[in-house]
Amino acid sequence: MSAPRKWLYVTGVLALCAWVLVPIYLIGLGAMGGRLAVFKWPKSFAPGDAGFAALATFLKIEGVWNAALNSLIAASLTMLFSILLGAPAGYALARFAFRGQSAFRLLVLLTRAFPLAILALPLTVIFIRVGLYDTPFGVSLIHTALALPFAALVTSSLFMGIPREYEEAAWVFGCTRWQAFRKVVLPLALPGIAAAAIFAFVISWNEVFAASVLTVRERTLTAYLLTVLSESPLHYRFAGGFILIIPSVLFIFAVRKYLFAMWGVSSK
Amino acid sequence: MLQPRWLPYLLIAPSVAFLAAFFLIPLGQTILLSFDGGQGFSLANYARMAGDLNFPTALRNTFALVAVVIPLQVALALVMGLMLQRMTRGRELVLWIWTIPLGVSDLAAGLVWLAILQDSGYLNTLLFQIGVISGPTAYLNSEAPVALFFAVVLAEIWRATAIVLIILVAGIQIIPKEFGEAADIFGASPWTKFRKITLPLLKPSLQSALILRTVLAFEVFAVVYALGGRNFPIIVGEAYTWQNENQNYGVAAAYAVLVMVISLTATIIYLKALRVDPETQG
C-alpha cells in the first residue's frame, strides 16, 4: 500500500473503533456523573467525581435489585433449557442421517424468519391461566424459544467438527455409545457449548418485548427500565443502560473465539 | 446399546416438543386471536387497527427505518469486513471492539444515544464548543420527527451492524484464496476483484444477513422507546401499547400478524431476489 492509502486505512480502522467505544464511554460518564453532571452545561468529557456512588444509588432504588435478580434467573434458566434441549438435537443433526431431518432443520430455520418475541402476546393468556404469568420462569420459556434454534445449529456444527472416528475408536474399546460420548466427545465440545450457553444468556438478558408483556411486578431489568423510562430522571436511565451493557461486553469478550463458528454456521 | 434407528428421534424430540409448544401453538393462537371478534370470525380487530390514528404513521416510520438502516448497515459491514481481511496486526482486538455491540440490547443502545443526543447532551456540548449552537437544543421530541428518525437510525446502525459484519466475515473467510491470486495474475484491480469475486461468492452470506436483519428491523421497539417515548410510533410499539395500556389483546394480535406477514414477505423476496445457485455454495 502507498503511504497516503495506508494512512487512510489506519484512520478508518481507528475511527470505526471510536464509533463503537466512544458512545459506551459517554453513557458511562452519564451513569457515573450522578444528578449534577446530567444537568451540567456544557458537559465535561472527563470523568467526574461521583463515580461508583451514583451507580450504587441507582441500585438502591426500589425494585432495581429485584429486577436485576429476575433478569439473572430468567437468563440462567434460558441458558440451561436451550443447551439441555438444543445440544441433543445438534448431536442428532451432526451424527445421524434420518428421515425428517430436513423437516426439523426447516422448523429450526423458520423460527428465525418470525418475530418470535411477538408470540409472547397470546402466551400471556395461557400463562395467566396456568400461573406462569409474571414469573422469571415464564419469561425464560419464551426466551428459550428464541435461543433454542440457535443452540441446536451451533452445537450441530461443533459436533460435526469432532471426527466420528474418535467415537468409533471408543466403541471398539468397549465403551457404550453414552460412555463414548461422555468421555470422548463432550470434553472436546465443552468450550464451544459454553460459548453457545453464554450467548443464550445474552439473548435473554437483552430481550425487552416479551419480558415486558409477560411480567407486571416481577420485572426483568430491561422490562423494569422500559416501564420507568418516561418518569425516571435522566441519570437513572443512563445508570440502567450502563448496567445493562457491562455484562454483555464481558460476555462478548469471553466468546470472541467462537463468534464465527457460531454465527457463520448458524446463518447458513 | 441403543438402536441408532430411533436414537436421533429421541434426541430431537425435546426440542420439537418445545418449539411446538412455544412457537407453533402461539403462532396459531395469535392468528386466531386476531380474527376473533367476540362471536366467531371477524375482521373487527384489523378494522380497528387500520382505523387507529397512529397506524399510518407507525407503518410509514417502520418501513422508512428499514429502508434507510439496512442498506447503510450492509455497506458499512462490507467495508469493515474488507478492512479486516487485509489486517495483519491487531486483527483480534479490532474484531472484538467491532463486535461489542452484538451483546448490547436495543434498550441499552437507545439509552446510549439518549445520553449523547439529549438537550444538554454530549453532541450539543460539542456543537456549543465549536460555536455552532448557543445553548442546549432539543432534538428528541414530537416537534422534530426527522431528527428523532435519524437518532433511531444512528442507534440502530451502532447496535446492529455487528451481526451483519460477523455473518459477512464468516462468508469472506470461506472464499478460496486461489480465486484472488488468479485474479492478481490477470492484473485485476481491487475493485474488479471485489465486484467479480468477493461479491458473487458472498451471496449466500448476504442473503442470510439481509433476512435476519430485516426481520429484526421490523421488530424495532426498545431503541425507539428509549429515545423518543411514544413520540415516534412504530408497529411493534403499537402492539405493545394495545396489549399493555389498552388491554386489547385482539388488536395487539392483529399488529403481531401484520409484523409476521411483513417479515415473511421480506424473507421470500430476499430468497427469490438473491437466488443462490447450488454450484456457488461452499
Side-chain angles (χ1 to χ4, degrees), chain A residues 12-13 16-17 20-21 23-24 26-27 30 39 41-43 85-86 88-89 91-92 96 98 104 107 111-115 117-119 121-123 141-142 145 148 152 176-177 202 206 208-209 213 222 225-226 229-230 234 237-238 241 244-245 248-249 251-253 256 259-260 263-264 267, chain B residues 1-2 8 11-12 14-15 18-19 22-23 26-27 29-30 33 80 83 94 96-108 111-112 115-116 118 120 122 125 128-129 136 158 166-167 169-170 208 211-212 215 218-219 221-222 225-226 229 236 243 249 252-253 256 259-260 263-264 267:
Chain A
V13 170
L16 284 168
C17 288
V20 170
L21 293 177
I24 295 180
L26 292 178
I27 197 181
F39 296 110
W41 173 264
K43 289 239 171 329
L85 299 172
Y91 185 77
F96 299 95
F98 58 95
F104 179 68
L107 174 70
T111 56
R112 297 188 1 151
F114 275 101
I118 288 271
L119 297 180
L121 297 176
L123 284 176
L141 289 177
I142 185 92
L148 169 63
T176 64
R177 206 176 186 107
V202 172
N206 284 341
V208 187
F209 186 87
V213 172
T222 50
L225 283 172
L226 190 80
L229 215 53
S230 46
L234 278 176
R237 295 189 223 175
F238 299 154
L244 273 181
I245 290 179
S248 318
V249 173
F251 286 147
I252 295 292
F253 184 73
R256 67 193 184 287
L259 280 180
F260 292 108
W263 283 102
S267 70
Chain B
M1 209 187 281
L2 287 166
L11 292 171
I12 64 164
S15 45
F18 191 92
L19 288 178
F22 293 96
F23 170 54
L27 181 66
Q29 276 179 324
T30 311
L33 193 62
M80 290 163 113
M83 280 176 154
V94 170
W96 174 55
I97 292 175
W98 286 358
T99 48
I100 284 176
L102 190 67
V104 174
S105 79
D106 40 357
L107 182 62
L111 291 168
V112 164
I116 297 171
Q118 53 117 343
S120 61
Y122 295 99
T125 297
F128 174 73
Q129 281 166 353
W158 181 78
I166 292 204
I167 295 174
V169 169
S208 33
I211 291 173
L212 187 66
V215 170
F218 277 115
E219 267 188 275
F221 170 58
Y225 252 51
V236 173
Q243 172 104 356
Y249 294 6
V259 177
M260 290 191 281
S263 298
L264 266 191
T267 306

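Values in this document were obtained by computation on a predicted structure and should not be read as measured data. Order of the sequence lines sets the chain letters (A, B, ...), proteins ahead of strands, with each chain counted from 1.
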With side chain to side chain contact (heavy atoms under 4.5 Å, CB included) as the test, would you mind laying out the steps for A:Phe98 and B:Ile12 before giving the verdict? CA-CA 11 Å; A:Phe98 58 95; B:Ile12 64 164; 3.9 Å; yes
Evaluate the side chain to side chain contact (heavy atoms under 4.5 Å, CB included) criterion for residues B:Trp98 and A:Cys17: first the C-alpha distance (whole Å), next the side-chain angles of each, then the deciding distance (0.1 Å), finally the verdict. CA-CA 6 Å; B:Trp98 286 358; A:Cys17 288; 3.6 Å; yes
Go through the steps to decide whether A:Phe238 and B:Gln118 satisfy the test side chain to side chain contact (heavy atoms under 4.5 Å, CB included), and finish with yes or no. CA-CA 11 Å; A:Phe238 299 154; B:Gln118 53 117 343; 4.1 Å; yes
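Per-residue counts of heavy-atom pairs under 4.5 Å with chain A were compared for B:Phe18, B:Tyr225, B:Phe218; the largest is that of B:Phe18. The most heavy-atom pairs under 4.5 Å with chain B, out of A:Ala152, A:Ser248, A:Pro122, come from A:Pro122. Note: B:Leu111 leads B:Leu111, B:Ile116, B:Ile100 in heavy-atom pairs under 4.5 Å with chain A. Comparing B:Leu33, B:Val104, B:Leu264 by how many heavy-atom pairs each has under 4.5 Å with chain A, the most go to B:Val104. Heavy-atom pairs under 4.5 Å with chain B peak, among A:Ala92, A:Gly241, A:Gly86, A:Ala117, at A:Ala92.
Scanning both residues, A:Gly30 and B:Tyr122, for their nearest heavy atoms gives N-OH, 3.6 Å. Taking every heavy atom of both residues into account, B:Met80 and A:Leu16 meet most closely at CG-CD1, 3.7 Å. What you find for B:Leu19 and A:Ala145 is that their closest heavy atoms are CD2-O, 4.3 Å.
Side-chain contact between A:Val208 and B:Asp106 is present, with heavy atoms from C-beta onward closer than 4.5 Å. No side-chain heavy atom of A:Phe114 sits less than 4.5 Å from a side-chain heavy atom of B:Ser263. When side chains are defined from C-beta on, A:Tyr91 counts as touching B:Leu11, because their heavy atoms get closer than 4.5 Å.
With rounding to the nearest 0.5 angstrom, the CG atom of A:Leu141 is 4.0 Å from the CZ atom of B:Phe22. Atom-to-atom distance recorded for A:Leu107:CG and B:Ser15:OG is 8.0 Å, nearest 0.5 angstrom. Taken to the nearest 0.5 Å, the CG atom of B:Leu102 stands 9.5 Å off from the CG atom of A:Asn206. Note that the OG atom of B:Ser120 and the CG atom of A:Leu234 stand 7.0 Å from one another [nearest 0.5 Å]. The distance from the CD1 atom of B:Ile97 to the CD1 atom of A:Ile24 is 10.0 Å, given to the nearest 0.5 Å. One finds the CG atom of B:Leu107 at 6.5 Å from the OG1 atom of A:Thr222 (value rounded to the nearest 0.5 Å).
For B:Tyr249, the part sitting under 4.5 Å from any heavy atom of chain A is the side chain, from C-beta outward, and nothing else. Of the atoms belonging to A:Phe253, heavy atoms from both backbone and side chain fall under 4.5 Å from chain B. Interface residue B:Phe221: only side-chain heavy atoms are found under 4.5 Å from chain A. For B:Phe23, the parts lying under 4.5 angstrom from a heavy atom of chain A are both the backbone and the side chain. Both the backbone and the side chain of A:Leu26 come within contact range of chain B, judged by heavy atoms closer than 4.5 Å. At a 4.5 Å heavy-atom cutoff, the contact between B:Thr267 and chain A is made by side-chain atoms alone. If you measure heavy-atom distances from A:Val202 to chain B, the contacts under 4.5 Å come from the side chain alone. With a 4.5 Å cut-off on non-hydrogen atoms, A:Leu119 touches chain B through its backbone and its side chain both. In this structure, the portion of A:Leu229 lying under 4.5 Å from any heavy atom of chain B is its side chain and not its backbone. For A:Phe209, the parts lying under 4.5 angstrom from a heavy atom of chain B are both the backbone and the side chain. Of the atoms belonging to A:Phe251, not a single heavy atom falls under 4.5 Å from chain B.
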